[in-house]
Amino acid sequence: MAGTGRAPLRDRPDILVRVEDLTVEFPVGRHEVVHAVSGISFDVAEGETLGIVGESGCGKSTVARSIIRLNTIKSGHVIYHDKDLATLEGEDLRRVRPDLQMIFQDPISSLNPRRRVRAVISEGLSIWGDDKGVWSQDRIEELMVAVGIDPEFGERRAHQFSGGQCQRIGIARALALDPKVLICDEPVSALDVSVQAQILNLLEEMKSRYGLTLMFISHDLSVVKNVSDRIIVMYLGKACEIGTADELYERPRHPYTRALLASIPEPATTVDVAEGNITGELPSPINPPRGCRFHTRCQHVTDICRAEEPQMVAVGGDHFVACHHPVEVALAL
């Protein structure tokens, strides 16, 4: 479904993170592997918010965890400040990790239940010391205030906070080491709708205040659109469409992107609600389909879709799609 993974990379001096042909596999059994991510490429400019969207199992969280080396990378490159994080080991990797911090999907389980909140937030600073910022009670209280947690609650433990409060604590912990890149792995999916907006607004505020570059991962395209400058749509380990948030929302060219837009509570006016009724089950990542990986569920499938993997091609400006019939898809309705 998506192209070769050699998605278009921009030739710009402000590119902060560059992922090239990233492949991640997980062994299952003796002779089988899960093809979690299959040769995906993209870049992130400094100060940009890049959204990654797709249904559960598409590989978006694996991409995020691989960038900070929580997963083993089979092949490919993750370039950050001319360093390939995919090949760094030991102290070299340890030295660069504080620059790339992550906010996890489950805000409660991501916090140590035995430690007090003040200790959770300050742990990174206590380890790195003056290398990444001076540890002090004032600094910790500054972070707590910044994310909306009363410093008086610093001696409490995670179970004494709500899910939204725990996510705020997780954000403060991520900000403690003054990172350059903040990876948000579905940071609002486990929260009430009323709390989601608060956390999204907080992330935007923190991005502006601390000069962050964000990667925002979600299965909800409507949420991603509101916070992202550009969006990558993933399906079964591949990128199928890349473009600016407005371009992707107003002129979606891949049938899977259109299906996502048709499935949100308030469907985009650029698609028909019927396009969200894709049939069939998500294929197994152990044995992904030949050719276009979406062809088993696509309304526009032809013989070439079953036989050949489509290449990622430009369809205008900074908009790219991996589909054999992008024009036909756009004009279908």
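Just so we're clear, the structure is a prediction, and the values are computed from it rather than from any experiment.
Pairing each heavy atom of R69 with each of T87, the nearest pair is NH1-N, 4.1 Å. Looking at every heavy atom in both residues, F216 comes nearest to S218 through CE2-CB, 3.9 Å. Closest approach of P187 to I217, counting heavy atoms only: CD-O, 3.9 Å. Here the shortest heavy-atom pairing between K60 and H219 reads CE-N, 3.9 Å. Closest approach of T62 to A36, counting heavy atoms only: CG2-CB, 4.0 Å. A pairwise comparison of heavy atoms in H300 and H325 identifies O-CD2, 3.8 Å as the closest pair.
Rounded to the nearest 0.5 Å, atoms CD (Q311) and SG (C323) are 12.5 Å apart. Atom CG of L143 and atom CZ of R173 lie 12.5 Å apart (nearest 0.5 Å). Here C166 contributes atom SG and I171 contributes atom CD1; the two are 11.5 Å apart, rounded to the nearest 0.5 Å. Annotation: the span from S66 atom OG to I73 atom CD1 amounts to 5.5 Å, rounded to 0.5 Å. Within the model, atoms NZ of K225 and CD of E250 stand 7.0 Å from one another, a figure rounded to the nearest 0.5 Å. Rounded to the nearest 0.5 angstrom, F320 CZ and I232 CD1 are separated by 11.5 Å.
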Salt bridge (Lys or Arg N to Asp or Glu O under 4.0 Å) evaluation trace for E141 with R118
CA-CA 8 Å; E141 291 187 3; R118 194 181 301 275; 3.7 Å; yes
Start with the C-alpha distance between Y256 and E241, add both sets of side-chain angles, then the distance that settles side-chain hydrogen bond (donor to acceptor under 3.5 Å, both in side chains), and finish with yes or no.
CA-CA 9 Å; Y256 180 61; E241 191 163 3; over 6 Å; no
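Side-chain heavy atoms closer than 4.5 Å link hydrophobic residues (I, L, V, M, F, W, Y) into clusters, and following such links, possibly through other members, connects L93 to Y80. Cluster annotation: L200 is connected to V53 through the hydrophobic network of ILVMFWY side chains, with a link wherever side-chain heavy atoms come within less than 4.5 Å. Under the 4.5 Å side-chain contact rule for hydrophobic residues, M234 and V313 do not share a cluster.
S208 places no side-chain N or O within 3.5 Å of a backbone atom of E205 that could act as its donor or acceptor partner. Side-chain N or O atoms of R115 include none that pairs as donor or acceptor with a backbone N or O of V120 at under 3.5 Å. Looking at S41, its side chain does come within 3.5 Å of a backbone N or O of D21 through a donor-acceptor pair. Proximity of a side-chain donor or acceptor of R18 to a complementary backbone N or O of H77 within less than 3.5 Å is not detected. With hydrogens and angles disregarded, a donor-acceptor distance shorter than 3.5 Å links the side chain of T23 to the backbone of G39. Remark: side-chain polar atoms of Q196 are paired, donor with acceptor, to backbone N or O of L191 under 3.5 angstrom.
With respect to the salt-bridge test (charged N to carboxylate O, under 4.0 angstrom), the residues E247 and R253 do not qualify. With respect to the salt-bridge test (charged N to carboxylate O, under 4.0 angstrom), the residues E55 and R297 qualify. In summary, D92 and R95 do not engage in a salt bridge, as defined by a charged side-chain N under 4.0 Å from a carboxylate O. D43 has a carboxylate O that lies under 4.0 Å from a charged side-chain N of R230, or vice versa, which qualifies the two as a salt bridge.
For N201, the side chain to side chain contact (heavy atoms under 4.5 Å, CB included) test picks out no residue, with sequence neighbours left out. Partners of R65 under the salt bridge (charged side-chain N to carboxylate O under 4.0 Å, His left out) rule, at least two apart in sequence or in another chain, do not exist in this structure. When the side chain to side chain contact (heavy atoms under 4.5 Å, CB included) test is applied to L212, the partners found at least two apart in sequence or on another chain are L175, P179, L182, M206, K207, Y210, L214.
Crowding of E281 atom CD: a count of heavy atoms from other residues, nucleotides or ligands under 6.0 Å not exceeding 12. Atom NZ of K180 has more than 12 heavy atoms from other residues, nucleotides or ligands within 6.0 Å. For R290, the CZ atom sits in a loose shell: 12 or fewer heavy atoms of surrounding residues, nucleotides or ligands are nearer than 6.0 Å.
With no hydrogens or angles considered, a side-chain donor-acceptor pair links S61 and D185 at under 3.5 Å.
Proximity of I231 to T257: side-chain heavy atoms (C-beta onward) are nowhere separated by under 4.5 Å. Between I149 and Q165 the shortest side-chain heavy-atom distance falls below 4.5 Å. Two residues are said to be in side-chain contact when any heavy atoms from C-beta on lie closer than 4.5 Å; Q167 and V195 fail this criterion. The shortest side-chain heavy-atom distance between F294 and C240 does not fall under the 4.5 Å cut-off. Proximity of S162 to D192: side-chain heavy atoms (C-beta onward) are nowhere separated by under 4.5 Å. Counting heavy atoms from C-beta outward, H319 and L248 have side chains that approach closer than 4.5 Å. In this structure, T213 and V44 have side chains that are in contact, with non-hydrogen atoms separated by less than 4.5 Å. Residues V19 and V63 have side chains not in contact (no heavy-atom distance under 4.5 Å, counting atoms from C-beta outward).
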